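Letters A, B, ... are given to chains in the order of the sequence lines, protein chains preceding strands, and every chain is numbered from 1. Keep in mind the model is a prediction, meaning the values are calculated, not measured.
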Number of protein chains: 2
Amino acid sequence: MSIDVKLILNQKLFLRDPQESSLGKKIIIQSVVLIEKLGFELFTFKKLAHEINSTEASIYRYFENKHLLLLYIMTWYWEWIDYVIDINWNNIDDDKQKLSIAIAIIADASEDEFTQTDIDLKLLHHIVIAESTKVYHTKLVDKENKKGLFLTYKKLAEKFVHLFEALNPSYPYPRVLASTLLEMSNSQVFYAQHLNRLTDIEVKREDYSQLKTVMEHFAFNLIGK
Amino acid sequence: MSIDVKLILNQKLFLRDPQESSLGKKIIIQSVVLIEKLGFELFTFKKLAHEINSTEASIYRYFENKHLLLLYIMTWYWEWIDYVIDINWNNIDDDKQKLSIAIAIIADASEDEFTQTDIDLKLLHHIVIAESTKVYHTKLVDKENKKGLFLTYKKLAEKFVHLFEALNPSYPYPRVLASTLLEMSNSQVFYAQHLNRLTDIEVKREDYSQLKTVMEHFAFNLIGK
DNA sequence: GTAAACACGATAGTAATACTATTATATATG
DNA sequence: CATATATAATAGTATTACTATCGTGTTTAC
């Protein structure tokens with residue numbers, strides 16, 4: 001078992017770095033499987049411990065609680081997306097093209113062929129779609145934000161902001177547009193799967209092409225030329 | 001104690017109609033106060049029972065669990081918004097003006113002077129901003145959706161969809177735009193208050209004017225003319 | 001090569017949560 | 001006045017979200 005892509009995450013997310021031991025890696029790999037299966041509310045450390053033939057107490061040595069484990073997983077995802085965008089921007093100079101590429105990646109990064117990891121990226125994507133808003137919709141947001149626990153997400157949004165500023169320096173709402181696109185990439189898929197009257201798009205068999213089209217429509221029309 | 005605005009909500013949201021008894025009304029009024037104060041995760045029926053000098057068992061006679069109580073509260077809010085929009089559309093024929101009005105109301109309905117209720121509308125608005133996505137981000141979405149528990153929200157979105165269709169019959173993404181605007185009305189405020197690098201707007205002292213402006217920018221620019 | 005440090009598993013225990021059930025009493029209804 | 005109903009009071013259960021302690025096997029340091 002190995003996580004070949006090693007991303008550097010905020011140390012305050014964990015008590016012991018899960019990327020540094022085989023138990024730690026098992027915790028991450030299996031928590032992705034279990035959270036996707038049970039949903040975050042029904043996911044417990046006890047159930048996870050059982051899956052990996054370990055104990056609750058051992059998992060608690062890595063993560064203070066399941067909320068921080070979820071935040072770790074989300075942060076891993078955002079950090080990975082950021083990295084995939086950078087790779088795919090290599091040698092691209094045109095900002096419009098860069099925007100299209102970045103949109104395609106947040107719509108569905110799991111097709112990326114360069115990533116080598118034991119984390120199931122499709123399951124992780126499903127978790128992000130279904131659970132991501134829960135990491136900041138808590139009474140602890142401000143405290144966790146002060147510790148820098150949301151920096152990765154904000155950095156990813158900034159990436160879009162910089163592009164919008166390059167494409168149209170006078171556009172008044174680059175941050176709103178960036179955060180809205182990031183949200184859409186999750187919520188519209190969720191609606192397509194569960195509340196389809198709230199969207200016009202379809203997502204069947206991991207085909208996110210319609211999502212990508214809508215996101216481009218939003219981005220390019222709002223930013224103007 | 002009385003809830004003068006009586007909205008008709010899906011019967012499957014509750015075991016006993018909280019609008020039909022004084023205990024029921026207390027449950028709703030105080031749960032709004034408590035959920036806003038504690039956040040949904042730390043809110044419990046035991047704490048609520050204590051606040052209203054009642055018991056857990058009594059509250060369980062009204063609501064199966066706290067999730068359905070939250071959904072009830074959210075549904076009340078959306079139903080109320082829908083009602084406020086209808087009132088404010090009275091005698092307005094211009095679709096652009098109707099859209100502006102509807103946007104202003106979802107940005108901040110609590111200014112509405114016609115509503116007479118013991119529910120604290122500003123606190124309720126805060127709950128919607130912080131907790132609304134939790135009502136459908138569960139493993140029960142599909143079951144609850146089949147029971148019609150999200151009809152009020154979908155109906156509200158449809159209202160926008162119909163407007164977009166009237167304004168531009170060839171616009172390809174009316175549902176995406178509707179659900180995105182509804183989401184923005186919560187998320188952008190949350191960002192302004194807690195993760196302000198994710199937004200360009202400011203919301204200070206319940207002044208939602210900048211939110212309204214951004215939402216109009218999105219709606220009118222995307223829908224075209 | 002051995003001692004110390006460490007990681008992990010095993011076990012136990014606690015307070016709180018999310019309920020369910022039963023009974024007694026007060027109140028409303030017919 | 002009898003009855004039905006709503007609620008309060010109480011008790012109890014399984015699960016959750018932890019915390020603490022201890023023993024053992026493995027790694028690391030010198």
Under 4.0 Å between a side-chain N/O of [X] and OP1 or OP2 of [N], yes or no?
X       : N      : result
B:Thr55 : D:dA9  : no
A:Lys46 : D:dA17 : no
B:Arg16 : D:dA6  : yes

Problem set entry | Comparing B:Ser21 and B:Ala57 on DNA chain D - which has the more 5′ nearest nucleotide |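 On the 5' side of the pair lies B:Ser21.
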Just call it for [X]: base, sugar-phosphate, or nothing, with non-hydrogen atoms closer than 4.0 Å on any strand.
X       : result
B:Ser58 : base
B:Glu64 : sugar-phosphate
B:Tyr62 : sugar-phosphate
B:Tyr60 : base

Problem set entry | Result of checking A:Glu206, A:Gln210, A:Lys212 against A:Tyr208 for side-chain hydrogen bond (donor to acceptor under 3.5 Å, both in side chains) |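 Result for side-chain hydrogen bond (donor to acceptor under 3.5 Å, both in side chains) with A:Tyr208: A:Glu206.
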Exercise. Between A:Lys155 and A:Glu79, is the closest basic N to carboxylate O distance under 4.0 Å?
Worked result: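 Here A:Glu79 pairs with A:Lys155 in a salt bridge, since their nearest N and O are under 4.0 Å apart.
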For this session: Measure from the side chain of A:Glu56, starting at C-beta and using heavy atoms only, and say which of D:dC18, D:dT7, D:dA9 lies closest.
Result: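 Of all the options, the side chain of A:Glu56 is nearest to D:dC18.
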For this session: Please list, in 5' to 3' order, the outermost nucleotides of DNA chain C lying under 4.0 Å from any heavy atom of chain B.
Result: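 Listing 5' to 3', DNA chain C meets chain B from C:dT17 to C:dA21.
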Exercise. For B:Leu48 and D:dA8, what is the distance between atoms CG and P respectively, to the nearest whole Å?
Worked result: 12 Å
